[in-house]
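The sequence lines fix the lettering, A, B, ..., with proteins before strands; numbering per chain opens at 1.
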Amino acid sequence: MNDRHEVLGQPRKNAYRDTWATGAIEQPIGKEIQVSGWAHRRRDHGGLVFIDLRDRSGIIQIVFHPDVAAAAHEAAGTLRAEDVISVKGKLIKRDEAVVNLAIPTGHLELQASEIEILARSETPPFQVDEDGHVDEALRLKHRYLDLRRGTITPNLKLRHRVTQTIRRVLDEHDFLEVETPNLTRPTPEGARDYLVPSRVKPGGWYALPQSPQLYKQLLMVGGLERYFQIARCFRDEDLRADRQPEFTQLDLEMSFVEEEDVIAITEAVLKEVLADAGIFVETPFQRMCYDEAMGRFGKDAPDLRYGLEIQNLDEVFAASEFKVFNSVLTGGGTVRAINAGKRELSRADLDELTEFVKGHGAGGLVWAFVEEDGGWRSPIAKFLSAEEIAAATAAMGAEVGDVILAVADAKKNTAAGALGALRERLARQFDLIPFGEHRLVWIVKFPMLEFDDDAQAWTPLHHPFTAPDGDLNDPANLGSRAYDIVMDGWEIGGGSIRINTVEVQEKILDIIGIDRAEAEERFGFLLEALKYGAPPHGGLAIGLDRLVTLLAGAESIRDVIAFPKSATGADPLTGAPAGVDEQQIRDLHIVSTAPRTDD
RNA sequence: GGGGAUGUAGCUCAGUUGGUUAGAGCGCCGCCCUGUCAAGGCGGAGGUCGCGAGUUCGAGUCUCGUCAUUCCCGCCA
């Protein structure tokens, strides 16, 4: 971490310091200064002791001479890693021969006259002075030590700059930052709620908000016109590398607006936020329809930084005698494929890819190598005519040596989704993602509804407050006024124009099978608000954790959160979730069926 | 709910077809050392091989279970 360096304002002189460690650069040679921080490293020569002192700004070398300050030299000999010290001394220029070019203060050192040891440290469970790999569970258990190492802290600094920029830009556009409650009404829709039992009202429960969605709509009914919040949201679902049970959204909403207004303000914010991370983009961002994204990339959050696009081979194989393709196509299904290019894939590799697509719902994977004579080396080659092979090769734009990977499925989205996942895997496996390049794209023209086979019902693709676009009596073809913003294959945000009349809102609830009584029970307060003159309004939410993860180039969302949860939702530092006293449970009028958890 | 991977010294890891006393680097402790900056030299301590069963003459190694961490599927309007 020697090369990390932060320029900070001059600290107020007090009992501990008058200068930051790297602030010494700004001070004249010979000046008496005082610094405080941690003993980062020690180099004890017996007669001469060097201590690298570290504070947030960076590192400065302290030298203890026995003949300059005998007491300080003796004390310095007892220092160990991570002891907290305050040192007074004279700033001196190093001889040319001993300049350290690796740190900004390398041409200086502080010749100690006095040292005070403010706190001793036990030997840390892992080395704070090195950036080598340490098991994440251990880092999270001692996150305060991990933060000293300087792998996470730069991300937190970036996150700070991002939120400051968000507040500045939105303030310049007349947005009001308003806080909404964290103890809210359960609205069993979407994700599983975190529930909080009420002590005062026996049998009553709060839910932690999955998002401030309904509150922000009420703020629009309340005439605030332009609102934003950097809001904590909670969803009790299983975790992933890019999902935490509590996470942060930039939530915003505007009145009397159309899609273009929300998109424009979002682009203005993102352009400046990205610039904070040294990423410079042009506005307006690219747009792509949902159908095109699904067709070409098999995903509604496509990564546009590389090719490997999905092709449709329905027409090529329309009259095929090959049973698998024939039955899928006559049943209304689809055959789609990726030209993976010239890849050396062994039989074992192909088996692994087959298992991979099966894991994403596909029945199997057809592979074919294009050979010199134009034929295919493929398990299915013998079932296909020469014309079909030639046509498919042409449709794929394939050349000799290319590998074609195809999936046939009765459901278009299954085939597309499996190939979309395969596409991302191949891109990583063959290192096709250009370093340092970023692609932002708006996905628009979403369907309003999708049919849930399990529930045998229409469910909203976004949420039931999204304004529909089209004929309300034709759910299968009903569009929505929703839009997602996608960066490098990650959905970093999404939003919509909302429904602002009770008639349309009730109609949508009807279609998705929520009857009047149930709607009244769940969303009655919103429906009532819509009766009193709700302005046309819309907005969007950006996943701040994901956005900062991308900007920081971090591996995991956990690397941009000071105190993240583990993949099982536990906090390794505090031990949460933990058991509680019987009395606390009784006070809340609840009964636990689980064995007591002590830690 | 399902599948994969990992678990050996404080940390990061190695440990062959099951075979005597489980190793390395860093860290830690002691001594030496006045220009190092990953300081150096010499010496030393440190292990419930995640936990529990089983197979075997013998298990870090094989089997089963379990726990923890992690990645993925389902889930996440």
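- Comparing A:Ser556 and A:Arg235, the nucleotide of RNA chain B nearest to each residue sits closer to the 5' end for A:Ser556.
- The minimum heavy-atom distance between A:Thr105 and A:Thr22, with the atom names listed, is CG2-CA, 3.6 Å.
- A sub-4.0 Å separation between OP1 or OP2 of B:U36 and a side-chain N or O of A:Arg43 is absent.
- Between A:His360 and B:C73 there is a side-chain N or O to OP1 or OP2 distance below 4.0 Å.
- Remark: B:G35 base-pairs with no nucleotide in the shown strands. Criterion, Watson-Crick or G-U wobble with two distances under 3.5 Å.
- In terms of polar N and O atoms assigned as donor or acceptor, the side chain of A:Arg243 comes within less than 3.5 Å of the base of B:C75 in a complementary pairing.
- Residue contacts for A:Arg425: at a heavy-atom cut-off of 4.0 Å it reaches no nucleic acid atom on any strand shown.
- The separation between A:Asp95 atom CG and B:C37 atom P is 16 Å, rounded to whole Å.
- In this structure, A:Phe356 places its CZ atom 12 Å from C1' of B:C71, rounding to the nearest Å.
- Among the nucleotides B:A39, B:C28, B:U70, the one closest to any side-chain atom of A:Arg41 is B:A39.
- The aromatic ring of A:Phe126 is not stacked on the base of B:C11, since the criterion of ring centres less than 5.5 Å apart with planes inclined by under 30° is not met.
- The residue A:Leu138 sits close only to the backbone: its heavy atoms come under 4.0 Å of sugar-phosphate atoms, none of a base.
- A side chain to side chain contact (heavy atoms under 4.5 Å, CB included) with A:Thr549 is found for one member of A:Ile492, A:Asn155, A:Val560 and no other, namely A:Val560.
- B:U69 and B:G47 have their P atoms separated by 26 Å, given to the nearest Å.
- Among the protein residues, A:Pro572 comes within range of no part of the nucleic acid, since none of its heavy atoms lies under 4.0 Å from any strand.
- One can place CD of A:Gln249 at 16 Å from P of B:C76, the figure rounded to the nearest angstrom.
- In the interface, the side chain of A:Gln127 is not paired with the base of B:U12 through any donor and acceptor atom under 3.5 Å apart.
- You'll find that the side chain of A:Glu130 is closest to B:A38, out of B:U34, B:G35, B:A38.
- You'll find a donor-acceptor pair under 3.5 Å spanning the side chain of A:Arg94 and the base of B:U36, going by distance alone.
- The closest side-chain heavy-atom distance from A:Arg41 to A:Arg43 is below 4.5 Å.
- Proximity note for A:Val98 (side chain, C-beta onward) versus B:G35, B:C76, B:C72: the nearest is B:G35.
- Under the Watson-Crick and G-U wobble criteria, each requiring two contacts below 3.5 Å, nucleotide B:C76 is left unpaired.
- Nucleotides B:A14 and B:U6 place their P atoms 10 Å apart, quoted to the nearest Å.
- In this entry the distance linking CG of A:Asp238 with P of B:U70 reads 13 Å, nearest Å.
- Among the atoms of the strands shown, base atoms are found under 4.0 Å from some heavy atom of A:Asp44.
- Comparing B:C49 with B:G2, their C1' atoms are spaced 30 Å from each other, to the whole Å.
- A straight line from CG of A:Leu48 to P of B:U34 spans 8 Å, rounded to a whole angstrom.
- Using a 4.0 Å heavy-atom criterion, one finds that A:Gly359 contacts the sugar-phosphate atoms exclusively.
- Here the nucleotide nearest the side chain of A:Arg80, chosen from B:U70, B:G30, B:C28, is B:G30.
- Across B:A38 and B:U20, the matching C1' atoms stand 38 Å from one another, rounded to whole Å.
- Distances shorter than 4.0 Å separate none of the side-chain N or O atoms of A:Thr123 from OP1 or OP2 on B:G10.
- Across all strands, A:Val134 comes closer than 4.0 Å only to sugar-phosphate atoms, never to a base (heavy-atom distances).
- Nucleotide B:C28 is matched to B:G44 when pairs are restricted to Watson-Crick or G-U wobble geometry with both distances under 3.5 angstrom.
- For B:U36 and B:C31, the P atoms lie 24 Å apart once the distance is rounded to whole Å.
- The aromatic ring of A:His45 is stacked on the base of B:A39, with the two ring centres less than 5.5 Å apart and the planes inclined by under 30°.
- For A:Pro125, counting side-chain heavy atoms from C-beta on, the closest listed nucleotide (B:C13, B:C76, B:G10) is B:G10.
- A distance-only check finds no donor-acceptor pair linking the side chain of A:Arg149 to the backbone of A:Val128 [under 3.5 Å].
- The aromatic ring centres of A:Phe465 and A:Phe523 sit less than 6.0 Å apart.
- Here, B:U61 and B:A9 have their P atoms 15 Å apart, quoted to the whole Å.
- Judged by Watson-Crick or G-U wobble contacts below 3.5 Å, the nucleotide B:C64 has B:G52 as its partner.
- Annotation: B:G1 and B:C62 have their P atoms spaced 28 Å apart (nearest Å).
- Comparing atom distances between the A:Ala137 side chain and each of B:U69, B:C28, B:U70 picks out B:U69 as nearest.
- Residue A:Gln456 qualifies as enclosed at atom CD: its count of foreign heavy atoms under 6.0 Å is above 12.
- Searching all strands for a Watson-Crick or G-U wobble partner of B:U21 with both distances below 3.5 Å returns nothing.
- Backbone-only engagement by A:Asp135 is indicated by non-hydrogen atom pairs under 4.0 Å involving sugar-phosphate atoms exclusively.
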Chi angles and distances behind the salt bridge (charged side-chain N to carboxylate O under 4.0 Å, His left out) call for A:Glu521, A:Arg185: CA-CA 11 Å; A:Glu521 163 70 18; A:Arg185 183 192 176 90; 3.3 Å; yes
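- Mapping A:Leu239 and A:Ser566 onto RNA chain B by nearest heavy atom places A:Ser566 closer to the 5' end of the strand.
- Nucleotides B:C13 and B:G74 have their C1' atoms positioned 35 Å apart, rounded to a whole Å.
- Protein atom CZ of A:Phe50 is 11 Å distant from nucleotide atom P of B:U34, rounded to whole Å.
- Here the P atom of nucleotide B:A38 and the CD1 atom of A:Ile59 are 10 Å apart, to the nearest Å.
- Within 6.0 Å of CD on A:Glu450 lie more than 12 heavy atoms contributed by other residues, nucleotides or ligands.
- Of the candidates B:U36, B:U70, B:G74, B:U70 carries the atom nearest the A:Arg558 side chain, counting heavy atoms from C-beta on.
- Taking 4.0 angstrom as the limit, A:Thr568 places a side-chain polar atom (N or O) nearer than this to OP1 or OP2 of B:U69.
- Within a 6.0 Å sphere centred on OH of A:Tyr206, heavy atoms belonging to other residues, nucleotides or ligands number 12 at most.
- The residue A:Glu109 sits close to a base: some heavy atom pair falls under 4.0 Å.
- Per the geometry, NZ belonging to A:Lys358 stands 15 Å off P belonging to B:G4, to the nearest Å.
- Here B:U70 is the nucleotide among B:C76, B:C37, B:U70 with the atom lying nearest to any side-chain atom of A:Glu136.
- Remark: the backbone N or O of A:Ala97 is not paired with any side-chain donor or acceptor of A:Asp95 at under 3.5 angstrom.
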